Amino acid sequence: MPAYRYPVPPAHEITPQAAWLNRRALMAGLGAGALTGWGGGALAGLSLPEVADWPGSTDEALTPFEVATNYNNFFEFGTGKEDPAANAHTLRPSPWAVEIAGEVERPLTLDIEDILTRYPMEERIYRLRCVEGWSMVIPWVGFPLSLMLEDAGLTSRAKYVEFFTLYDPEQMPNQTSSILDWPYREGLRIDEAMHPLTLMAVGMYGEVMPNQSGAPIRLVVPWKYGFKSIKSVVRIDLREDRPVSSWEARQPREYGFFANVNPEVRHPRWHQATERRLPDGGRIRTEMFNGYAEEVAHLYEGMDLTENF
Ligand SMILES: Nc1nc2c(c(=O)[nH]1)N[C@H]1C(S)=C(S)[C@@H](COP(=O)(O)O)O[C@H]1N2
Ligand SMILES: [Mo]
């Protein structure tokens, strides 16, 4: 387990949030566990095995866990940043299975319990940057997606990967709204999916994944805008043709397929040259590929990134 300590947020940061949580708890008649999300996988009986340290982690200060789990985008539970923490207690992370199908030699269905013991787990501290202009630094627990794809065996026609979130309005109440075309869908090119930085995460801050952060298993692609990192994945489909993500389908001018963090490509609504590192609000420069250019720039050689944004 990690040798460092998680930063304890100063009182002025935690107090308003704690007060807010207490108010929500009283209103909803729920315990704080359900609200912070630690009731999710933990209450469902999931636990993490041994977790190894990963040498590539950033040494930037971690975003306090209270902030990372109470300021989320997870539209299945509402469009407000506090909605997922307040509402995601209806998600049941176990039983849960992930299906790998399409252009594979051995279609696979893996229970989350199998996944937790089958793959070597690492703690990787990555930056996460949302296209809206905020960013965090999060210690994920997970394993390379490539390991799962290799288990299924790719056919020569496997050129793209499509991911699907669970569709179940009973567990994800905002799926009754038409804000997005459900289930949430995302896609990667096969070389992006097989890249060693591309992670399937099953936990964060040394614990099983909180519901609002995408329990029990989510994608994390650190060089792309946050929306590519699809939460609560149930299906992974290998395909020959390029999939269309939920966001791209809704607004193709704003959400490109590649969604690489790129300070030089403007977004119609949000500034991309700098970002606000949560929680203190200071703005810092956004780096090309979110600081992972050395590892991933070669994937896009010869592509016009203004056109393929
Ligand atoms: N299923 C699903 N996955 C999702 C989203 C969503 O609304 N639904 N939001 C995305 C966006 S916009 C971001 S920025 C990240 C946020 O992840 P976090 O809550 O762990 O910070 O999740 C992404 N994955
Ligand atoms: Mo986002």
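Just so you know, these numbers use all the heavy atoms, side chains as well, and skip hydrogens, waters and symmetry mates. Just follow the structure's listing: the first ligand is 1, and inside any ligand the first atom is 1. All of these numbers come straight from a predicted model, not from anything done at the bench.
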* Asked: Passes side chain to side chain donor-acceptor pair (under 3.5 Å), Thr90 versus Gln171? Steps please.
  -> CA-CA 5 Å; Thr90 51; Gln171 293 190 56; over 6 Å; no

* Determine, step by step, whether Ser229 and Arg218 satisfy the side-chain contact (heavy atoms from CB on, under 4.5 Å) criterion, reporting the C-alpha distance in whole Å, the side-chain angles of both residues, the deciding distance to 0.1 Å, and the verdict. => CA-CA 7 Å; Ser229 291; Arg218 65 172 289 175; 3.5 Å; yes

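For atom 19 (O) of ligand 1, the closest heavy atom belonging to the protein is Lys231 NZ, 2.5 Å. What sits closest to atom 11 (C) of ligand 1 on the protein, heavy atoms only, is Phe227 CA, 3.5 Å. The protein heavy atom nearest to atom 24 (N) of ligand 1 is Ser229 O, 2.9 Å. Of the protein's non-hydrogen atoms, Phe75 N, 2.7 Å is the one closest to atom 7 (O) of ligand 1. Nearest protein heavy-atom contact of atom 15 (C) of ligand 1 is Gly226 O, 3.5 Å.
For the residue pair Arg129/Gln272, the side-chain donor-acceptor check at 3.5 Å is satisfied. Side chain to side chain, Thr274 and Arg285 fail the donor-acceptor criterion of an N or O pair below 3.5 Å. Checked by atom type, the side-chain pair Asn70/Gln212 shows no donor-acceptor distance below 3.5 Å.
Residue Ser213 places no N or O, backbone or side chain, under 3.5 Å from any N or O of ligand 1. When only interatomic distances are considered, the shortest N/O to N/O separation between Gln212 and ligand 1 does not fall below 3.5 Å. Taking distance alone, with nitrogen or oxygen atoms compared against 3.5 Å, Glu76 approaches ligand 1 more closely than that limit.
The residue from Leu128, Thr165, Val220, Asn73 that puts a heavy atom closest to atom 9 (N) of ligand 1 is Asn73.
Judged by a 6.0 Å distance limit and a 45° cone about the ring axis, Arg124 is not positioned over the six-membered ring of Trp140. For the pair Lys228 and Phe257, the cation-pi criterion (under 6.0 Å, within 45° of the ring axis) is fulfilled. Relative to the ring axis of Phe309, Arg253 does not place its NZ or CZ within 45° and under 6.0 Å from the centre.
Using bins of under 30°, 30° to 60° and over 60° for the plane-to-plane angle, the ring pair Phe289/Tyr300 lands in the parallel bin. The aromatic rings of Tyr225 and Phe227 sit parallel to each other, their planes meeting at less than 30°, with 60° as the upper class boundary.
Close contacts between ligand 1 and Phe74 involve ligand atoms 1 (N), 2 (C), 6 (C), 7 (O), 8 (N) [criterion: under 4.0 Å to a heavy atom]. The atoms of ligand 1 that sit less than 4.0 Å from any heavy atom of Cys130 are 14 (S). Below 4.0 Å from some heavy atom of Ile230 lie the following atoms of ligand 1, by number and element: 3 (N), 24 (N).
Within the structure, the closest approach of Ser232 to ligand 1 does not fall below 4.0 Å when heavy atoms are considered. The closest approach between any non-hydrogen atom of Arg218 and ligand 1 is below 4.0 Å.
Contacts between Tyr184 and ligand 1 below 4.0 angstrom, taking non-hydrogen atoms only, involve the side chain exclusively.
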